[in-house]
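Shown next, in structure tokens, is the structure this report addresses.
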Amino acid sequence: MGFFISTLGFGIFSLLCFILAVYIYFRLLIAVCTFKKLPKWIYTLGHIQITRRAVKYDDITDRPAMIEASVFMVCIILVNIIVTGVNYFKLHNIGKAIFSCLQMQFAVIIAAIILFGIIRPLICFLIPSYRTKYSYSTTNALDILMFFYSFAFTFFISIAGIPAKPVNVQIAGTNVIIGSTRASTLLDNGFTFKGKNADSEIINTRSDHFSYGEYLELYLGEKSFGHVCVTPTWKDSDELKNCTVTSFKVTPDDTDLSAVSFNNITLSDLQLNDFETKNLKDIFSLHPIDYDEMKGPYYFVLTLQTHDYSMWKRYRIEADFNSDNSLSYYNVMAQHTIWE
């Protein structure tokens with residue numbers, strides 16, 4: 001839980017810095033158009049020094065200040081577009097290109113600040129009305145906020161990554177979202193858990209990174225449908241009906257695989273050859289941005305969201321085969337630090 005809170009803190013801090021920078025920019029536009037002064041706290045923020053060279057900033061709200069701030073914001077947008085375009089040219093995937101750009105936000109903002117420093121003399125030459133002797137505290141306030149936003153956001157996304165689309169499992173026609181669906185959904189659809197009822201207490205001992213809560217056999221009538229991990233969502237213990245399904249494992253010995261699908265792909269239709277010749281994301285018709293595949297002689301793993309799972313859930317799909325090419329088991333799970 002501690003990792004989740006600290007990661008969330010960085011995310012909130014970066015978001016607040018970004019929102020505040022946008023707010024100050026639009027307050028500046030309104031102040032110039034209505035011939036009013038900005039609130040004193042904005043000027044005070046603009047006097048913060050982030051370099052060794054001391055600069056005296058002026059609390060002036062005029063048209064050149066608006067032009068300077070607008071050019072700085074355009075520089076940020078322009079550098080982001082350029083970086084995204086370069087990444088797209090290399091990766092040929094717009095989602096991955098944007099994600100890569102987000103991971104580089106600190107470098108992007110530094111580049112935007114440098115670009116603004118280069119462009120500023122050109123503006124003085126091209127726009128006579130901009131020629132001014134002032135160093136605007138409003139522009140420095142935007143610099144400071146975007147600097148701290150980019151630093152915090154880069155740290156945040158390097159730890160948290162980006163959220164992955166959850167894995168859907170269909171069990172005898174019932175849709176289960178691993179890591180989100182409550183056990184009550186299965187109970188409402190006629191499923192039962194061996195040795196437990198809806199009010200049974202489930203305890204999460206927090207002793208494993210791959211299995212949380214309790215591992216129970218799932219039944220529909222007299223037929224077994226594999227095993228699931230049911231986990232108290234925010235507590236160490238809870239009633240079964242309130243717990244989250246965090247993993248699902250099936251074997252051909254205890255489950256009719258024709259009645260089970262991962263992301264609408266029926267498991268009985270899959271063979272070892274499919275995993276040897278195709279990518280796992282293609283087998284299950286998934287289109288993740290951040291993923292990793294491990295392909296062994298008989299063991300295959302698809303990991304969705306490869307960063308630390310302190311903020312967003314990580315999902316794993318596993319397929320294990322025996323040496324005679326027969327299936328051993330399929331497993332899909334969700335991981336998150338709130339359960340560890």
Side-chain angles (χ1 to χ4, degrees), residues 161 164-181 183 186 191 193-194 207-231 244-307 309 313-336 339-340:
K165 183 179 179 180
V167 178
N168 289 349
V169 173
Q170 293 76 39
I171 310 172
T174 299
N175 189 62
V176 177
I177 302 174
I178 301 300
S180 299
T181 296
L186 290 168
F191 288 90
F193 298 85
K194 186 176 182 180
S207 59
D208 197 322
H209 292 291
F210 295 95
S211 177
Y212 315 115
E214 295 191 28
Y215 197 59
L216 304 174
E217 190 167 4
L218 184 67
Y219 280 88
L220 181 61
E222 298 298 322
K223 295 181 63 176
S224 172
F225 279 88
H227 293 75
V228 295
C229 275
V230 288
T231 308
T244 301
V245 178
T246 54
S247 76
F248 174 62
K249 182 177 181 179
V250 291
T251 69
D253 298 328
D254 62 16
T255 306
D256 178 9
L257 297 182
S258 64
V260 179
S261 302
F262 288 179
N263 204 38
N264 296 308
I265 304 300
T266 305
L267 298 186
S268 60
D269 294 338
L270 300 176
Q271 303 294 330
L272 175 61
N273 182 64
D274 295 314
F275 292 90
E276 292 176 331
T277 58
K278 302 176 185 177
N279 292 323
L280 273 71
K281 67 181 183 68
D282 296 328
I283 292 174
F284 295 107
S285 300
L286 296 168
H287 307 283
I289 293 174
D290 178 26
Y291 71 97
D292 180 65
E293 293 193 12
M294 185 183 78
K295 304 182 74 169
Y298 298 101
Y299 182 61
F300 306 86
V301 180
L302 172 63
T303 303
L304 309 176
Q305 206 290 91
T306 62
H307 290 70
Y309 42 90
K313 298 182 185 76
R314 175 188 293 172
Y315 302 96
R316 285 168 57 96
I317 298 176
E318 302 175 348
D320 186 51
F321 292 84
N322 300 309
S323 57
D324 62 357
N325 296 349
S326 63
L327 176 68
S328 176
Y329 68 83
Y330 288 113
N331 187 40
V332 58
M333 71 177 72
Q335 295 173 276
H336 201 294
W339 301 320
E340 294 185 348

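Quick caveat, the model's predicted, so the values are computed rather than measured.
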Kindly indicate, with the supporting measurements, whether the criterion side chain to side chain donor-acceptor pair (under 3.5 Å) is fulfilled by T231 and T246. CA-CA 7 Å; T231 308; T246 54; 2.9 Å; yes
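- For the pair K165/P288, no side-chain contact is recorded, criterion being any heavy-atom separation below 4.5 Å from C-beta on.
- With a 4.5 Å cut-off on side-chain heavy atoms, I171 and F248 count as touching.
- Results of the ring pair (Phe, Tyr, Trp, His ring centres under 6.0 Å) test with H227 over F193, Y215, Y329, Y219 single out Y215 as the only residue that passes.
- For P166, the side-chain contact (heavy atoms from CB on, under 4.5 Å) partners are I177, Y315, not counting sequence neighbours.
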Does Y298 form a ring-ring contact (aromatic ring centres under 6.0 Å, His included) with F275? I'd like the steps, not just the answer. CA-CA 9 Å; Y298 298 101; F275 292 90; over 10 Å; no
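- Looking only at side-chain heavy atoms (C-beta outward), N168 and V176 stay at 4.5 Å or farther from each other.
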Could you go step by step and tell me if S224 and D254 meet the side chain to side chain donor-acceptor pair (under 3.5 Å) rule? CA-CA 6 Å; S224 172; D254 62 16; 4.7 Å; no
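- Between D274 and K278 there is a salt bridge, since a side-chain N of the basic residue sits under 4.0 Å from a carboxylate O of the acidic one.
- Looking at T306 and D290, their side chains do bring a donor and an acceptor atom within 3.5 Å of each other.
- Going from atom OH of Y291 over to atom CD1 of I317 covers 13.0 Å, rounded to the nearest 0.5 Å.
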Should D324 and S326 be marked as a side chain to side chain donor-acceptor pair (under 3.5 Å) after you check the CA-CA gap, both sets of side-chain angles, and the distance that decides it? CA-CA 6 Å; D324 62 357; S326 63; 2.6 Å; yes
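- Of the N and O atoms on the side chains of D256 and S258, at least one donor lies less than 3.5 Å from an acceptor on the other residue.
- When the options V167, V332, I265 are evaluated for a side chain to side chain contact (heavy atoms under 4.5 Å, CB included) with F284, the one that passes is I265.
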